[in-house]
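Bear in mind the structure is a predicted one, so any value in this text is a computation, not a measurement. Throughout, protein chains are lettered first and strands after them, A, B, ... in sequence-line order, and every chain is numbered starting at 1.
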2 protein chains.
Amino acid sequence: MTAEHTAPDAPAAAVQQQRRAPTLEAVAELAGVSRATVSRVVNDSERVSPEARDAVNAAIAELGYVPNRAARSLVTRRTDTIALIMHERSDTVFADPFFASMLRGVNHALTSTDLQLVLIQIQGDPQRDRALRYVGNGHVDGVLLISLHGDDELATSVSKAGVPLVMAGRLLTDDRVDSVDADNVGGARRAVRHLVTTGRREIATIAGPQDMSVGVDRLRGYTEEVQAAGLPGSADWIATGDFTEAGGRAAMERLLAAHPTLDAVFAASDLMALGALQALRAAGRRIPTDVAVVGFDDTALAPYADPPLTTIRQPVERLGEEMVHLLLRRINDGAGAGSGAGADPSAVVLPTELVIRSSA
Amino acid sequence: MTAEHTAPDAPAAAVQQQRRAPTLEAVAELAGVSRATVSRVVNDSERVSPEARDAVNAAIAELGYVPNRAARSLVTRRTDTIALIMHERSDTVFADPFFASMLRGVNHALTSTDLQLVLIQIQGDPQRDRALRYVGNGHVDGVLLISLHGDDELATSVSKAGVPLVMAGRLLTDDRVDSVDADNVGGARRAVRHLVTTGRREIATIAGPQDMSVGVDRLRGYTEEVQAAGLPGSADWIATGDFTEAGGRAAMERLLAAHPTLDAVFAASDLMALGALQALRAAGRRIPTDVAVVGFDDTALAPYADPPLTTIRQPVERLGEEMVHLLLRRINDGAGAGSGAGADPSAVVLPTELVIRSSA
DNA sequence: CTGAAAGCGCTAACAA
DNA sequence: TTGTTAGCGCTTTCAG
């Protein structure tokens, strides 16, 4: 135990070891205290004498000590790591600026902690299982779920595994999962109200997938507002798409066929609004004089629309931040809780904002 | 050592522990072998008898055993984790589809391994140091660097710390870092050649930042090709921007002022091409009949350009994959290497492709 | 081919 | 307030 670390009988082998990082032990020795004391200082809890603390901090600085996460994790059973899981069914998810902005927010919220973010992308069943196993076996302290296709299984599996979970958007079938979402219903209502206010009377909508809360909520906002205004809004005023440009284009074409005289469209996403614009242009309709288009700002692509699109802006970045905040709260709560089921779930809803762009 | 794990004198405390994940020990017991044997099977190396192997695998399946990464990492000194570090100076980096596609490629390449990806975003000096310390202290096996602003410091610091590193794009000042890049020079040449071939004689370029290899290389491609064709290409045919739409717009305005009769533009990025299009339109020039624009496909935003843009497409996703492949090779090489400095660095260059879009 | 034993670096009771 | 003592779950010589 007291022998030097330089093994005398292995002169050649020593060369290849990359100067091992200083350990708690080394710090303790240099500071003239025990490992336990150093540990206390590092985890800045407990009562430690000022002198001891200073000595330890000095030693840490001198050695450039950084705690070994693996060792710590092994005993604390915390990993200081959270996973961002995304279920990517379509090929376009990653290219979606929505994802990028959210990630940005997540990262931003994480910088004040010393948690790490691991990215897990699920593309198929085997990967799903692998991720589930990974997450379920204590490899992460919590999970952020971006389920772009409103898939319930993953969420319930994760939370069933007793791992703190926060998801973006609401689960359609189970409201017992913590979630953070933009005010999609309110935003959609505001969009449609704007159209009504500017004198439009035949307002159609291009709705998103109805197996996702975003899709459902934005359609609901449309329906509610259109009814409130006493305007038509039956099924043939609604065309569903899949949040892509192509989907928006196709939906717009169907709507034009059904209602050649329509004078406004609320699209449940920017990408779809872009598609709608193209279809309208192809049909020889002038925008926005002839037909007004309002999109829901999923994608930050609005600037590329020509003419400029009026949009409902959702604070995507803050969405990511709020997810982290909520998750951290759950992780800390959970530490003391008894069984797996947490307290009553919170559903944070962030406000949206109407952005009117001057039509050139 | 032989005592049961059920402590007889702690009846109440047991309730709140979350059913601990099965350990190697449990598997060994069930399979009737020793921990060492299980370990050998799990790391499927070594010579193990078929019977033992089968018994162990059965036990693993039955228990749903997953190795504890922390414990493993503690002894192997490998973390099975690689970091993707991005130096985000501008606010737009994250929203850049280039990043998204690359990330996608990285993730894809990673699925065949059991490595995890941690995302580190650097926004300021303190974070830079923190990341450096994190990476330098063996918390990751390797680093992927997306240095969107050609910052050398970070790369040299990381590689000086002896951590395997692969970066996207070339380092301007130091060619001793492994890198993966698209064929920017060749792509730019092809773009310009295309313009020449279609009869354009006054070809300007909107170049990217000259402190990044992408910016430098694409400009170089332009210059080389324009010279080869005997066309003008002096400094006043070149306007530099910062890879944004606004930058492209401003650059285009300058070029128009200097050369009102120009009949083609090669923009070093899609976003800048988009800006150029706007400026040209504002100036009353018809596109592409009047002025032809070719962009370099950084962003996958080409479809949103109207009229359609001819572009040089770079395989961004494959870029991410190749980075991972190269990094893995380095990580495995490094295991046996002597001192820190690796073998001669490789600079993988991926081909680009000319995509001609029919102008509506 | 297999098992026993010794830690990896750290935290967490428990004593002092 | 501090030090001592056990391990956390795993890999890895070293014997058998």
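The side chain of B:N43 sits closest to D:dT11 out of C:dC10, D:dT11, D:dT12. Listed nucleotides D:dC10, C:dA4, C:dT11 differ in distance to A:R72; the shortest reach to its side chain belongs to C:dT11. For A:L24, taking side-chain heavy atoms from C-beta onward, the closest of the listed nucleotides C:dG3, C:dG7, C:dC10 is C:dC10. In the set C:dC1, C:dC8, C:dC10, the nucleotide with an atom closest to the side chain of B:S49 is C:dC1. Closest approach to the A:L74 side chain among C:dC10, D:dC10, C:dG9 is made by C:dG9 (side chain taken as heavy atoms from C-beta onward). Of the candidate nucleotides C:dC10, D:dG3, D:dC10, D:dG3 has the atom nearest to the side chain of A:T37. Comparing D:dT4, C:dG7, C:dG9 by their nearest atom to the side chain of A:A36 picks out D:dT4. Nearest nucleotide to the side chain of A:T76, out of C:dT11, D:dT2, D:dG9: C:dT11.
Applying a 4.0 Å cut-off to non-hydrogen atoms, none of the residues of residues 26-34 of chain A approaches DNA chain C.
Within 4.0 Å of B:S39, counting heavy atoms only, lies at least one base atom of the nucleic acid. Note on B:R35: a base of the nucleic acid sits closer than 4.0 angstrom, heavy atoms only. The residue A:A52 sits close only to the backbone: its heavy atoms come under 4.0 Å of sugar-phosphate atoms, none of a base.
In this structure the side chain of B:L154 reaches within 4.5 angstrom of the side chain of B:L132, judged on heavy atoms. Side-chain contact between A:T81 and A:V140 is present, with heavy atoms from C-beta onward closer than 4.5 Å.
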### Query
Should B:I82 and B:I331 be marked as a side chain to side chain contact (heavy atoms under 4.5 Å, CB included) after you check the CA-CA gap, both sets of side-chain angles, and the distance that decides it?
CA-CA 10 Å; B:I82 69 176; B:I331 290 175; 4.1 Å; yes
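Side chain to side chain, B:S73 and A:R69 fail the donor-acceptor criterion of an N or O pair below 3.5 Å.
B:H325 NE2: more than 12 foreign heavy atoms inside a 6.0 Å radius.
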